[in-house]
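Values in this document were obtained by computation on a predicted structure and should not be read as measured data.
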Amino acid sequence: ILDQVKEVPSEQRLNVFAMSTSKYEQETWGTFGSGTATHQAIERSGGINVAGELEGYPEISAEWILEQNPDAVVFADYSKKMVGLAISDSREADEFKEKVLENKVFSKTSAAKKGRIYIVDNQLVGGDKTYLGALYLAKLFYPEQFAGVDPDKVLQEYFDKWLGLTFKGRWAYPLAE
């Protein structure tokens, strides 16, 4: 990932805002600053975390989000309704994205205007699996640079070799193609 990310010119790197789906549903504005696994996943993927100057899990305001005007918004899904092991279709994720695109705050961002709303299972952008989440994010952020990369294939290998489980589910939305 890191080698291919180096090929993305700095002026093409996306400014990324991240929050959890649960914070969004509760209408509380919180994000992932430096020192968090989600920050690490964004940075490894070649994105620039707009909250990188903040530490930990800060509460921010809707105005702050608008000031940052992110190019992409990543939602870490804790609900297990939109992405994850038990998910076989994108219906819930489609509905969530539509709500975000119509949201009074997010609808005004560059991310929404360009449709760059992404959802990734929290297990892949939190904790010790950020290298897997970073691969999904890199593919979503820079599809041309990562055209030959299949994050599902890498995750399937992890399932096979380390977990001894059959790979299934949808782990990111939209699916990285």
Side-chain angles (χ1 to χ4, degrees), residues 1-21 23-24 30-58 60 64-65 67-78 82-84 90 93 97 100 106 109-163 167 169-177:
I1 299 171
L2 297 177
D3 289 340
Q4 284 184 266
V5 162
K6 288 178 188 174
E7 303 296 320
V8 178
S10 58
E11 66 274 2
Q12 291 179 10
R13 294 192 183 218
L14 299 180
N15 289 313
V16 180
F17 173 75
M19 75 183 300
S20 70
T21 53
K23 288 270 188 190
Y24 177 81
T31 189
F32 301 94
S34 64
T36 66
T38 303
H39 170 77
Q40 186 178 32
I42 292 167
E43 295 287 315
R44 281 187 177 169
S45 69
I48 300 165
N49 184 3
V50 298
E53 301 284 321
L54 306 174
E55 292 184 22
Y57 305 93
I60 43 93
W64 184 89
I65 296 169
E67 288 170 9
Q68 305 311 306
N69 192 26
D71 301 311
V73 176
V74 173
F75 288 93
D77 182 36
Y78 289 77
M82 293 177 259
V83 291
S90 64
K97 181 179 178 178
V100 172
F106 288 112
T109 65
S110 178
K113 290 174 185 172
K114 294 181 181 176
R116 290 185 176 148
I117 307 298
Y118 307 118
I119 307 166
V120 181
D121 188 277
N122 76 297
Q123 294 179 40
L124 299 184
V125 291
D128 62 350
K129 310 233 180 2
T130 57
Y131 62 96
L132 294 167
L135 188 58
Y136 279 94
L137 292 177
K139 178 76 174 191
L140 290 165
F141 294 165
Y142 312 108
E144 297 83 27
Q145 285 87 345
F146 288 86
V149 176
D150 183 352
D152 279 346
K153 188 173 183 176
V154 175
L155 188 56
Q156 180 175 1
E157 182 179 335
Y158 174 76
F159 269 63
D160 293 345
K161 281 187 174 181
W162 298 102
L163 300 178
F167 176 75
R170 291 176 176 236
W171 295 88
Y173 172 89
L175 290 176
E177 296 183 26

So, for [X] and [Y], which heavy atoms are closest and what is the spacing to 0.1 Å?
X	Y	value
Leu140	Pro174	CD2-O, 3.3 Å
Gly52	Ser34	O-CB, 3.5 Å
Ala138	Ser45	N-CB, 3.6 Å
Ala41	Val125	CB-CG1, 4.2 Å
Gly35	His39	N-CD2, 4.3 Å
Ala51	Thr31	CB-CG2, 3.6 Å

How long is the gap from [atom1] on [X] to [atom2] on [Y], to the nearest 0.5 Å?
X	Y	atom1	atom2	value
Leu124	Leu137	CG	CG	9.0 Å
Leu155	Lys129	CG	NZ	10.0 Å
Ile1	Gln145	CD1	CD	14.0 Å
Ser90	Ile119	OG	CD1	9.5 Å

Please determine whether the number of non-hydrogen atoms from other residues, nucleotides or ligands lying under 6.0 Å from atom CD of Gln4 exceeds 12.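 Yes, the 6.0 Å shell around CD holds more than 12 heavy atoms from other groups.
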Run the numbers on Trp64 and Val50 for side chain to side chain contact (heavy atoms under 4.5 Å, CB included), then give the verdict. CA-CA 10 Å; Trp64 184 89; Val50 298; 3.9 Å; yes
Test side chain to side chain contact (heavy atoms under 4.5 Å, CB included) applied to Ile48 and Leu14, step by step: CA-CA 6 Å; Ile48 300 165; Leu14 299 180; over 6 Å; no
Cut-off 3.5 Å, no hydrogens considered: what does the side-chain donor-acceptor table look like for residues 68-75, sequence neighbours left out?
{"residue": "Asn69", "atom": "OD1", "partner": "Ser110", "partner atom": "N", "Å": "2.7"}
{"residue": "Asp71", "atom": "OD2", "partner": "Asn15", "partner atom": "N", "Å": "2.8"}

So, [X] side chain and [Y] main chain: donor-acceptor pair closer than 3.5 Å or not?
X	Y	value
Lys23	Gly30	no
Lys97	Tyr118	no
Tyr24	Met19	no
Thr130	Gly133	no

Please check if any side-chain donor atom of Tyr173 sits under 3.5 Å from a side-chain acceptor atom of Asp77, or the reverse.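 There is no such pair (donor and acceptor under 3.5 Å, judged by atom type) between the side chains of Tyr173 and Asp77.
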Could you check if a side-chain atom of Tyr131 sits within less than 4.5 angstrom of a side-chain atom of Tyr158, using non-hydrogen atoms only?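 In short, these two side chains touch, coming nearer than 4.5 Å.
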Considering only heavy atoms from C-beta outward, does the side chain of Arg13 approach that of Val5 to under 4.5 Å?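 Yes - at least one pair of side-chain heavy atoms lies under 4.5 Å apart.
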Would Asp3 and Lys6 count as a side chain to side chain contact (heavy atoms under 4.5 Å, CB included) here? Give the steps. CA-CA 5 Å; Asp3 289 340; Lys6 288 178 188 174; 3.9 Å; yes
Applying side chain to side chain contact (heavy atoms under 4.5 Å, CB included) to Val16 and Arg116, what does each step give before you reach the verdict? CA-CA 10 Å; Val16 180; Arg116 290 185 176 148; over 6 Å; no
According to the interplanar angle, ranging from 0 to 90°, do the rings of Phe17 and Phe106 count as parallel (below 30°), tilted (30 to 60°) or perpendicular (above 60°)?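 Because their plane-to-plane angle lies in the 30° to 60° range, the rings of Phe17 and Phe106 count as tilted.
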Under 30°, 30 to 60°, or over 60°: which ring-plane class applies to Tyr57 and Phe32, parallel, tilted or perpendicular?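 Judged by the thresholds at 30° and 60°, the geometry between Tyr57 and Phe32 is perpendicular.
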Residue from Asn49, Ile60, Thr36 passing side chain to side chain contact (heavy atoms under 4.5 Å, CB included) with Leu54: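 Among Asn49, Ile60, Thr36, the one that satisfies the side chain to side chain contact (heavy atoms under 4.5 Å, CB included) with Leu54 is Ile60.
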